[in-house]
S.K.: 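For reference, the structure I am asking about is given below.
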Number of protein chains: 2
Amino acid sequence: MNDNTIPNLSVDCVIFGFDSEKLNVLLLERKLDAQNGETIFCDHTLVGHHVRTGETLDESAARILKETTGLSNIYLEQFYTFGNPDRLKKTRAKLWLESIGRNPETRVISIGYFSLVNVNSVHVSYTERHAKWFDLKEIDDLGFDHKEILNKALEALQTKIKTNPLAFELLPQKFTLSHLQKIYEVVLGIEIDKRNFRKKVSQVPYIVPLKEKQQKVSHKPAQLYMFSRDIFEATKKKDFNFSF
Amino acid sequence: MNDNTIPNLSVDCVIFGFDSEKLNVLLLERKLDAQNGETIFCDHTLVGHHVRTGETLDESAARILKETTGLSNIYLEQFYTFGNPDRLKKTRAKLWLESIGRNPETRVISIGYFSLVNVNSVHVSYTERHAKWFDLKEIDDLGFDHKEILNKALEALQTKIKTNPLAFELLPQKFTLSHLQKIYEVVLGIEIDKRNFRKKVSQVPYIVPLKEKQQKVSHKPAQLYMFSRDIFEATKKKDFNFSF
DNA sequence: ATTTTATTATGTTAAAATGACACTAAATAA
DNA sequence: TTATTTAGTGTCATTTTAACATAATAAAAT
């Protein structure tokens, strides 16, 4: 490849999207056709690309996101770097790399980022790369070592969401408490008691009720809430609790 | 450089060592002398080196550790990757890289690891690279972007020690509860009540008292304890608690 | 031999957080 | 009008946290 990218460095991005019910991941189709038109294989991968010479790793990740979702200024976090010498040595990976003009012998290190969005903020059909949402629980295998990257991203998300206000990144600005609760349930894989959850919410000053309710739902409409980052920043205190 | 290393990839390792009182970091001296013998500058850096073509990133980090401390099989964790395009562009960095035959224009990405040892397990004078322990709190600046790397490593350590049994990696096999307590105090920068701390210890089955006491201390000798990883693994349960 | 010094070891109580648990209210759809 | 679906609410028992002071034991100093 003769562009302005670094041949042995890439960034892969696990884009998590919440749809009020499930946790989803944005994936690209990876389809390789033979000369005669027959499909050699067709599977899916995370979104990623090589790092450009002048850009930081964060900028590179933000660029993927912009290209894939059209979104800027969204939550992005570097979580791990994958550098196993044989990570691109599976048959399909080699065929694919050759087909796009990359040397399959190059040892590529990939820096993993994850990002958090609400699926409704992404107009997938308008994006440059035609990515699609997949239910996280239905994803079995992925191209390259991307299943491993996805697993590690989920772990990082689970760890971080326990102590940081990440859930709000997965929600629209105005949300119901049921949706907020659902996020913790699907991300952590647990069930939460509704009343205990709401008690917890009410003890926190930065989840603020709005003077607005859900519209057009065929049941009792829920109160809408928002997250105030200002209040969060102003009131947060460090938590030094530990367990062995 | 014409060895079997990858020119734009390095691993830097923050080696934390506990000495019963403080948290220390193992640093190398970086001294550049002119032809006439005058010193151009002298400062300190983390230990690190370029990744070899055939080795994984973990192996590369373990190799640094072995070369610097003589130790194998010690706690090592990848915590962040540093890839700013200008991270090696400070004057001293450029002079240094030239002096060791590296091209200062190469954009080098560094994968950061931290490791945890007890200072007494390391015979620093015997090591290949003549590293020295420095009190973490006294370290002001470091060569390259290593202060930034150190800061990030400390953050990662603080986060992880709150929920994982890392403290024992900083201790000898047999330790007193005062030393265990001290680790949490110096790593997290807090003060802990002795009685509450010991109550917490006694509720945990994998911190086990030995039939042995401290020897040759000029005060009441303390009970020695050990950490049983077997019991830890057998009894640990996942903690799904969260806060917003 | 006695005293000093340094550190170990130990329990109670009040306040806060957690976890278990069941019924009524409000909107649309049938 | 009734059925369906989800929202919204309080109590009590248990567990966890946080604050707090004094006696015991070893070596070192006198």
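The model shown is predicted, which means the values in this text are computed figures rather than measured ones. For the numbers below, each heavy atom of this structure counts, side chains included, while hydrogens, waters and symmetry mates do not. Letters A, B, ... mirror the listed sequences (proteins, then strands); counts begin at 1.
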S.K.: For the pair A:F197 and A:Y184, name the ring-plane relationship: parallel under 30°, tilted 30 to 60°, perpendicular over 60°.
M.R.: tilted

S.K.: Restricting to nitrogen or oxygen on both sides, can you table the protein-nucleotides 13-19 of chain C pairs closer than 3.5 Å?
M.R.:
| residue | atom | partner | partner atom | Å |
| --- | --- | --- | --- | --- |
| C:dG19 | N7 | A:N196 | OD1 | 3.4 |
| C:dG19 | O6 | A:K199 | NZ | 2.8 |

S.K.: Need two values: the first and the last nucleotide of DNA chain D, 5' to 3', having an atom under 4.0 Å from any heavy-atom of chain B.
M.R.: D:dA18 to D:dA28

S.K.: Only one of A:Y206, A:Y225, A:F227 forms a ring-ring contact (aromatic ring centres under 6.0 Å, His included) with A:F168, so which one is it?
M.R.: A:F227

S.K.: Are the side chains of A:Y80 and A:E155 in contact, using a 4.5 Å heavy-atom criterion?
M.R.: no

S.K.: With a distance cut-off below 6.0 Å to the six-membered ring centre and an angular limit of 45° from the axis, does A:K200 pair with B:F242 as a cation-pi contact?
M.R.: yes

S.K.: Do the non-hydrogen side-chain atoms of A:L65 and A:V47 ever get within less than 4.5 Å of each other?
M.R.: no

S.K.: Taking only nitrogen or oxygen atoms into account, show me every contact under 3.5 Å that the protein makes with nucleotides 8-10 of chain C, one pair per line with its distance.
M.R.:
| residue | atom | partner | partner atom | Å |
| --- | --- | --- | --- | --- |
| C:dT8 | OP1 | B:S178 | OG | 2.8 |
| C:dT8 | OP2 | B:S178 | OG | 3.1 |
| C:dT8 | O2 | B:K220 | NZ | 3.3 |
| C:dA9 | OP1 | B:Q223 | N | 2.8 |
| C:dA9 | OP2 | B:R198 | NH2 | 2.4 |
| C:dA9 | N7 | B:K194 | NZ | 3.4 |

S.K.: In terms of side-chain geometry, is the basic nitrogen of B:E169 or B:R229 positioned less than 4.0 Å from the acidic oxygen of its partner?
M.R.: yes

S.K.: Rounded to the nearest 0.5 Å, what separates atom CG in B:L171 from atom NE2 in B:H179?
M.R.: 8.5 Å

S.K.: In terms of side-chain geometry, is the basic nitrogen of A:R63 or A:E67 positioned less than 4.0 Å from the acidic oxygen of its partner?
M.R.: yes

S.K.: Using 30° and 60° as the class boundaries, would you call the ring planes of A:H146 and A:F144 parallel, tilted or perpendicular?
M.R.: tilted

S.K.: Taking the side chain from A:N118 and the backbone from A:F18, do they hold a donor-acceptor pair closer than 3.5 Å?
M.R.: yes

